[in-house]
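Hydrogens, waters and symmetry mates play no part in the numbers below; they use all other heavy atoms, side chains included. None of these values were measured; they are calculated from a predicted model.
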Amino acid sequence: MGILNRKKEFYKEQFRFINLKEDFYKYDFRPKYFDLSKKFAVKKLLNSLPKKSIAYLGSGDFHYISYFLIGDLPIKPLLILFDNHFDMNEAWEGILTCGSWVRSCIEEDLIRGVLIVGANKEYIDTGDVLYSFVDYIEDGNKILDLDTIRKIKGMPVYVSVDKDVLKEEIVKTSWDQGNMELDSLISWLKFINVYGKVLGVDICGEPEYNPIMDFVNPQINIANKKVNKKICNIFLN
């Protein structure tokens, strides 16, 4: 099958939800950091996944998995990231982190560009030349404008959602959080799904597992599941 036909077949595929949390322990993936010499383990994981997926990564500590999910796509996408952080830090050689994976996507030419929505401007490194590659919308609650529509319309897109972009009143995560409303996030995702050609989606931002907190305050898990479901329904329906 030629490249063009493979791309057409990929677009026709339906999304499937996959929960990767248990797989991380199965393949001995560590939170926050990944040793790139162990890429073979990721290949095994990727080979077991459906072509088009909504991948649930659990904690934001595993957000670096997005790098591998994007790299496995047959079409280079525009990355649209909803996150309170830019995830463009520098990492040690041979190491990928939950805070450096976007930088790796840019440096290795895995993406057409990146639009980051809702990140705290305090995390911008103005001396970093790679930031010129980033389109940035600080206020995720702003009304979508025509310029953003033009950037997304008809484009192959990969969507990554870290729930730390949301206000703490909506969900609680393990990291400092932004001020995005859930309705704003859902509106953005619906807009992207209508105007862009969505190739893949991932979701993270679950708090670190704490059975005591699950017992004391089960509402944290309930709130996270509610947000996950709303996001998934946009792409599964």
key: Donor-acceptor under 3.5 Å (Trp101 side chain, Ile65 main chain)   = no

key: Exam field: side chain Asn47 to backbone Lys43, donor-acceptor pair closer than 3.5 Å   = yes

note = Closest heavy-atom pair, Ala41 versus Tyr27, reported as atoms and distance to 0.1 Å, is O-CD2, 3.8 Å

task = Starting at CZ of Phe17, measure out to CG of Leu236 and round the result to the nearest 0.5 Å.
result = 8.5 Å

query = Is the side chain of Asp164 donor-acceptor paired with the backbone N or O of Gln177 at a distance under 3.5 Å, no angle test?
reply = no

ask   = Would you call Lys38 and Val42 a side-chain contact if the rule is heavy atoms closer than 4.5 Å?
value = no

Heavy-atom side-chain contact between Glu9 and Lys12 under 4.5 Å = yes

Contact check, side chains of Ile170 and Glu168, non-hydrogen atoms, under 4.5 Å = no

request  = Indicate if Val165 and Leu79 have the same hydrophobic cluster label, given that clusters are the connected sets of ILVMFWY residues with side-chain heavy-atom separations under 4.5 angstrom.
outcome  = no

message = Is it the case that the ring center of Phe86 lies less than 6.0 angstrom away from the ring center of Tyr136?
response = yes

ask   = What distance separates Met180 CE from Asp183 CG, expressed to the nearest 0.5 Å?
value = 10.5 Å

query = Is the count of non-hydrogen atoms from other residues, nucleotides or ligands lying under 6.0 Å from Lys51 atom NZ greater than 12?
reply = no

request  = Kindly check if the number of other-residue, nucleotide or ligand heavy atoms within 6.0 Å of CD1 (Ile143) is above 12?
outcome  = no

query = Under 3.5 Å, side chain of Ser53 to main-chain N/O of Pro50, donor-acceptor pair present?
reply = no

task = Hey, could you give me the CG/OH distance between Leu81 and Tyr158, rounded to the nearest 0.5 Å?
result = 10.5 Å

query = Rounded to the nearest 0.5 Å, what separation is found between the CD atom of Glu122 and the CG atom of Asp176?
reply = 9.0 Å

Verdict with reasoning, Val157 to Leu199, per side-chain contact (heavy atoms from CB on, under 4.5 Å) = CA-CA 6 Å; Val157 168; Leu199 307 178; over 6 Å; no

Verdict with reasoning, Ile116 to Ile137, per side-chain contact (heavy atoms from CB on, under 4.5 Å) = CA-CA 6 Å; Ile116 299 179; Ile137 296 175; over 6 Å; no

message = Check this for me: Glu13, atom CD, are more than 12 non-hydrogen atoms of other residues, nucleotides or ligands nearer than 6.0 Å?
response = yes

task = Name all pairs fulfilling the salt bridge (charged side-chain N to carboxylate O under 4.0 Å, His left out) condition that reach into residues 145-161, sequence neighbours left out, sorted by first residue then second.
result = Asp135-Lys151, Lys142-Asp145, Asp147-Lys151

task = Scan residues 64-86 for pairs that pass salt bridge (charged side-chain N to carboxylate O under 4.0 Å, His left out), counting only residues two or more places apart or in two chains.
result = Lys76-Asp109

Any donor-acceptor N/O pair, Asp162 side chain to Ile203 backbone, under 3.5 Å = no

task = Verify the cluster assignment for Leu96 and Leu57: are they in a single hydrophobic cluster under the rule of side-chain heavy atoms below 4.5 Å apart?
result = yes

inquiry  = To the nearest 0.5 Å, what is the distance between CG on Leu69 and CG on Leu20?
reply    = 6.5 Å

key: Close side-chain approach of Asn179 to Lys167, heavy-atom, < 4.5 Å   = yes

request  = Name the orientation class of the two ring planes belonging to Phe68 and Tyr64 (parallel below 30°, tilted from 30 to 60°, perpendicular beyond 60°).
outcome  = perpendicular

message = Quick one about His63 and Ser160 (side-chain donor to acceptor, distance below 3.5 Å, no hydrogens or angles considered), yes or no?
response = yes

task = Identify whether Val117 and Val114 are in the same connected component of the hydrophobic contact network (ILVMFWY, side-chain heavy atoms under 4.5 Å).
result = no

ask   = Just by modelled atom types, is the Cys98 backbone N or O under 3.5 Å from a matching donor or acceptor in the Asp61 side chain?
value = no

message = Quick check against the 3.5 Å criterion: does Ser59 have a side-chain atom that pairs as donor or acceptor with the backbone of Phe62?
response = no

query = Is there a donor-acceptor pair under 3.5 Å between the side chain of Glu206 and the backbone N or O of Lys172?
reply = no

ask   = How about Arg112: does its CZ atom have over 12 heavy atoms from other parts shown lying under 6.0 Å from it?
value = yes

ask   = Where is the tightest heavy-atom contact between Gly205 and Thr173, given as atom of each residue plus distance?
value = O-CG2, 3.0 Å

ask   = Hey, does Tyr131 have a side-chain heavy atom less than 4.5 Å from the side chain of Thr126?
value = no

query = Under the side-chain contact (heavy atoms from CB on, under 4.5 Å) criterion, do Met155 and Tyr195 qualify, and how do the steps go?
reply = CA-CA 8 Å; Met155 288 287 287; Tyr195 287 99; over 6 Å; no

query = Looking at side-chain heavy atoms only, is the closest gap between Phe235 and Asn193 below 4.5 Å?
reply = yes

key: Phe15 and Val198: CA distance, side-chain angles, deciding distance, side-chain contact (heavy atoms from CB on, under 4.5 Å) verdict   = CA-CA 10 Å; Phe15 275 106; Val198 182; 3.7 Å; yes

For Ile95, the rest of its hydrophobic cluster, which grows through side-chain links under 4.5 angstrom = Tyr33, Trp92

query = Do Asp202 and Ile54 have side-chain heavy atoms sitting under 4.5 Å apart?
reply = no

key: Residue pair Ile80 / Ile192, side-chain heavy-atom distance below 4.5 Å   = yes

message = Let me confirm one number: the CG-CG distance from Leu130 to Asp125, rounded to the nearest 0.5 Å.
response = 10.0 Å

ask   = Is it true that Phe34 and Phe29 have ring centroids separated by less than 6.0 Å?
value = yes

query = Checking salt bridge (Lys or Arg N to Asp or Glu O under 4.0 Å) for the pair Asp23/Lys21: CA distance, chi angles, key distance, verdict?
reply = CA-CA 5 Å; Asp23 289 299; Lys21 284 171 57 179; over 6 Å; no

inquiry  = I need the minimum non-hydrogen distance between Pro77 and Ile70, along with the two atoms involved.
reply    = CG-CG2, 4.1 Å

query = So, does Asn224 use its side chain to make a donor-acceptor pair with the main chain of Ile220 at under 3.5 Å?
reply = yes

